[in-house]
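First up is the structure itself, then whatever we jot down about it.
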Protein chains: 2
Amino acid sequence: MKQNKALRTLLVCLLCLPILVKGQPPRGPLAPPPKINADKTVTFTYIAPNAKDVKLSGQFLTGGPSAMTKNAQGFWTVTVGPVKPDIYPYNFVVDGINVMDPANEYFFPNERFKGSLLDVPADEPLVHALKDVPHGSVTYEYYPGVQNTTGSLVVYTPPGYDKNKNTKYPVFYLISGTTDTEEAFFKVGKVNLILDNLIAEGKAKPMIIVMPNGNIEARVADQKGGLKPADPAGRESEEAVTRAKNFAGDLVGNVIPYIEKNYRTLTGANNRAIGGFSRGGGETLRTALGNMDKFAYVCTYSAYLSPAEMEKEYKDVAGKPQVTNQKFKLFWVSVGTEDFLYKSTVEFLDYLKAHNVNYKSLITGGGHTWMNVKTYVAATTPLLFK
Amino acid sequence: MKQNKALRTLLVCLLCLPILVKGQPPRGPLAPPPKINADKTVTFTYIAPNAKDVKLSGQFLTGGPSAMTKNAQGFWTVTVGPVKPDIYPYNFVVDGINVMDPANEYFFPNERFKGSLLDVPADEPLVHALKDVPHGSVTYEYYPGVQNTTGSLVVYTPPGYDKNKNTKYPVFYLISGTTDTEEAFFKVGKVNLILDNLIAEGKAKPMIIVMPNGNIEARVADQKGGLKPADPAGRESEEAVTRAKNFAGDLVGNVIPYIEKNYRTLTGANNRAIGGFSRGGGETLRTALGNMDKFAYVCTYSAYLSPAEMEKEYKDVAGKPQVTNQKFKLFWVSVGTEDFLYKSTVEFLDYLKAHNVNYKSLITGGGHTWMNVKTYVAATTPLLFK
């Protein structure tokens with residue numbers, strides 16, 4: 001027993017030794033990445049010999065951040081769960097400072113917070129899992145944007161796009177939320193894998209998915225003299241409405257023409273869908289309702305417009321429901337019961353109902369999270385272009 | 001004067017107020033992103049009211065980390081420079097803990113360290129600047145990889161690739177370094193913008209650039225039960241040699257066939273180049289010298305093979321220089337004089353010289369950095385396929 005302990009101590013000490021590599025500067029010890037155990041508990045490790053307090057913060061923790069324990073060598077660890085299979089943002093909180101997991105290459109692209117991603121696979125692969133099915137591609141594109149700047153897009157093309165030279169595809173414009181970048185639906189939302197899987201099962205039609213940046217002001221500022229990450233402003237504030245209108249102008253005036261010129265697209269409202277999460281959902285509604293001839297499919301995930309804004313800006317939507325119902329083949333609204341926008345979203349649905357505007361809704365548990373976004377994407381994409 | 005001070009204090013207090021957004025949880029104050037001043041000095045800000053010591057660490061700081069100063073509201077700031085225009089990794093060091101810049105969306109994709117990227121533009125745009133020229137695309141692809149796993153590639157296609165349906169292109173395989181992911185040459189090295197600019201100026205031939213992950217063990221582990229970030233091992237260790245051989249087998253056996261099947265490529269050695277940085281440079285040499293019929297252009301950036309390994313594994317390269325010199329249209333070796341691999345690289349060059357193996361070399365200042373990598377990419381791509 002004592003021998004074992006001595007051996008363990010020796011091994012730990014060796015681990016802690018700076019790794020001396022021929023000709024390279026010495027490095028500190030290397031933390032292991034999150035370890036997913038057989039029972040779906042997950043063990044996290046962070047190295048901070050001098051820290052006084054290290055916690056784990058993650059959207060899989062229902063009771064808030066979880067305290068970690070330090071061993072004699074300065075390795076802080078905690079095992080949590082079992083964790084329900086899904087992909088979750090998380091970070092360490094080191095003496096009050098949020099820190100990404102140094103040992104994990106998967107991150108949440110964002111203008112403000114810096115989080116790592118924990119992927120807990122299920123025994124029966126989930127809808128966003130990387131499976132052995134034909135895969136589409138994800139392409140980063142530049143397009144001529146507003147104010148003579150160059151805009152950024154991320155574009156999913158379905159499996160076979162490059163082979164089926166005579167096939168044209170419908171397009172789903174999909175907009176991410178406040179402080180998310182145009183990479184979020186790819187890197188966090190896994191829409192490419194969700195579509196690969198749904199298409200392989202015959203559940204969704206092959207489609208192109210175009211992911212713009214919902215904060216075109218950031219891209220303009222970036223090219224005209226410096227970064228300008230989003231300031232979260234009230235969803236109904238003048239700034240938010242102006243931003244959404246700028247966004248709508250860019251999408252309709254620049255992005256759609258660019259995509260329809262450079263990709264093999266089917267055109268017309270019946271071949272265009274628009275959707276978005278959070279701020280992107282607000283932009284979805286403002287873009288679709290402000291351009292009633294452009295999109296026949298409208299999907300909002302955790303977003304709403306207030307009845308006041310509907311009455312002021314989009315009076316005909318509720319005022320002429322028979323026209324609205326004819327134009328929209330799908331008007332979808334999703335939200336979680338724990339979402340801080342739940343109440344406002346229900347008011348929006350009540351408003352639509354009271355005015356006989358057709359819609360479909362999926363109310364789930366959970367909050368304003370990308371776990372829910374994946375669920376909503378998987379629920380809505382099979383309904384598009386059918 | 002007093003009035004001004006009172007006003008400033010009021011403004012700072014307002015900035016520090018949690019921003020209360022209707023229906024959203026209160027947020028803390030938001031730090032500004034790095035501000036590049038007119039004289040190319042740069043001002044950094046980090047918010048940490050409770051931290052005891054905050055430093056700025058960055059590859060533009062020649063004298064090591066720079067101390068930051070805290071104001072009464074807990075904003076730590078420092079102005080450094082003037083900074084020579086380029087793109088640099090940096091991070092804050094908060095009570096000894098490395099932290100990315102929360103206000104900067106641009107990051108360094110890596111299996112181990114987590115850094116932000118500072119982009120200091122030049123008055124006359126640099127070779128990696130986003131200019132108003134035709135742009136290529138960058139596509140994320142899956143391919144059938146080793147051990148029945150799915151591999152990841154990042155692929156640059158030049159401007160016009162989608163339009164010029166009858167044009168076939170040569171291919172440059174470009175491999176990133178230890179702990180870098182397959183995104184590094186795109187996100188940090190800006191090879192897409194460098195090529196867009198060089199092609200627009202008629203200096204480089206339009207080509208496809210394929211960026212694989214140099215650590216295929218990481219992708220295999222990821223799909224077979226958990227993350228396995230790279231352990232930096234000695235460049236000449238058995239592990240490094242085995243990893244490079246596995247990589248070469250995957251590149252030649254899986255990646256090249258996938259690319260030549262799915263992209264419009266010119267084939268044969270004269271239409272293939274291979275290059276890489278650091279570990280990727282070692283893999284470049286081991287792949288090219290172990291497959292002499294596959295690549296006519298070989299570029300290493302901050303990498304070498306030891307004379308001992310050359311003699312043991314690739315005896316014919318120096319033993320039959322006339323064959324080697326006929327096979328390689330370009331054998332390029334670059335390194336910086338401050339690179340910790342400088343001495344070993346010079347030994348490698350001396351070995352080639354002593355054996356009459358033709359090569360071109362570019363010895364620059366600077367160290368083992370991605371600033372140098374961009375310089376080397378811009379210097380070598382004009383020499384390919386000519």
Side-chain angles (χ1 to χ4, degrees), chain A residues 19 21-25 27 30 33-36 48 50-51 94-100 102-107 109-114 130 132 135 137-142 148 150 162 165 181 186 192 218 223 225-229 231-237 262-263 340-341 343-344, chain B residues 19 21-25 27 30 33-36 48 50-51 94-100 102-107 109-114 130 132 135 137-142 148 150 162 165 181 186 192 218 223 225-229 231-237 262-263 340-341 343-344:
Chain A
I19 294 171
V21 179
K22 181 176 181 283
Q24 279 184 307
R27 292 165 188 264
L30 296 169
K35 184 173 184 308
I36 296 156
N50 300 319
V94 183
D95 290 333
I97 302 293
N98 289 331
V99 185
M100 284 173 77
N104 184 348
E105 69 174 281
Y106 297 107
F107 58 87
N110 194 277
E111 293 178 14
R112 288 284 181 194
F113 64 81
K114 304 289 171 260
L130 177 66
D132 187 14
H135 294 294
S137 299
V138 176
T139 299
Y140 287 57
E141 289 275 359
Y142 295 116
N148 291 317
T150 301
D162 285 327
K165 301 283 183 207
T181 74
F186 167 37
N192 59 319
Q223 287 165 44
L227 293 172
K228 192 185 172 188
D231 275 335
R235 268 146 228 288
E236 297 157 31
S237 71
N262 291 284
Y263 284 81
F340 67 94
L341 301 181
K343 193 165 155 278
S344 300
Chain B
I19 294 171
V21 179
K22 180 174 183 283
Q24 279 184 307
R27 292 165 188 263
L30 296 169
K35 184 172 184 306
I36 296 156
N50 300 319
V94 183
D95 290 333
I97 302 293
N98 290 332
V99 185
M100 283 173 79
N104 184 348
E105 69 174 280
Y106 297 106
F107 58 86
N110 193 277
E111 294 177 13
R112 287 285 180 192
F113 64 82
K114 304 289 170 259
L130 177 66
D132 187 15
H135 293 294
S137 299
V138 177
T139 300
Y140 287 56
E141 289 275 359
Y142 296 116
N148 291 317
T150 301
D162 286 327
K165 301 283 184 210
T181 74
F186 167 36
N192 58 320
Q223 287 165 43
L227 293 173
K228 191 186 173 190
D231 276 335
R235 268 147 226 287
E236 297 157 31
S237 71
N262 290 285
Y263 285 80
F340 67 93
L341 301 181
K343 193 166 155 276
S344 300

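Owing to the predicted nature of the structure, the values given are computational and were not obtained by experimental measurement. Per chain, numbering begins at 1; letters A, B, ... match sequence-line order.
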Exercise. So which of B:Glu111, B:Lys114, B:Lys35 has the largest heavy-atom pair count under 4.5 angstrom toward chain A?
Worked result: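 The option with the most such pairs is B:Lys114.
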Checking heavy atoms, do the side chain of [X], its backbone, both or neither come under 4.5 Å from chain A?
X: B:Asn110; result: backbone
X: B:Val94; result: side chain
X: B:Tyr106; result: side chain
X: B:Phe113; result: backbone

Among the options [options], pick out the one with the most heavy-atom pairs lying under 4.5 Å from chain B.
options: A:Asn50, A:Asn262, A:Asn104, A:Thr181; answer: A:Asn104
options: A:Ile36, A:Thr150, A:Asp95; answer: A:Thr150
options: A:Lys165, A:Glu105, A:Glu141; answer: A:Glu105

Check your understanding: Which atoms of A:Leu130 come close to chain B, meaning under 4.5 Å heavy atom to heavy atom: side chain ones, backbone ones, both, or neither?
Key ->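 Only the side chain of A:Leu130 comes within 4.5 Å of chain B.
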When the 4.5 angstrom heavy-atom criterion is applied to A:Tyr263 and chain B, the contacting part is neither
Review point. Do B:Met100 and A:Met100 have side-chain heavy atoms sitting under 4.5 Å apart?
Key: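 They are in contact (side-chain heavy atoms under 4.5 Å apart), so the answer is yes.
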d(A:Ile97 CD1, B:Asn98 CG) to nearest 0.5 Å is 12.5 Å
d(B:Gln223 CD, A:Asp132 CG) to nearest 0.5 Å is 10.0 Å
Note: A:Ala103 and B:Arg112 closest approach over all heavy atoms is CB-NH1, 4.0 Å
- Message: Below 30° counts as parallel, above 60° as perpendicular, anything between as tilted: where do the rings of A:Tyr140 and B:Tyr140 land?
- Response: parallel
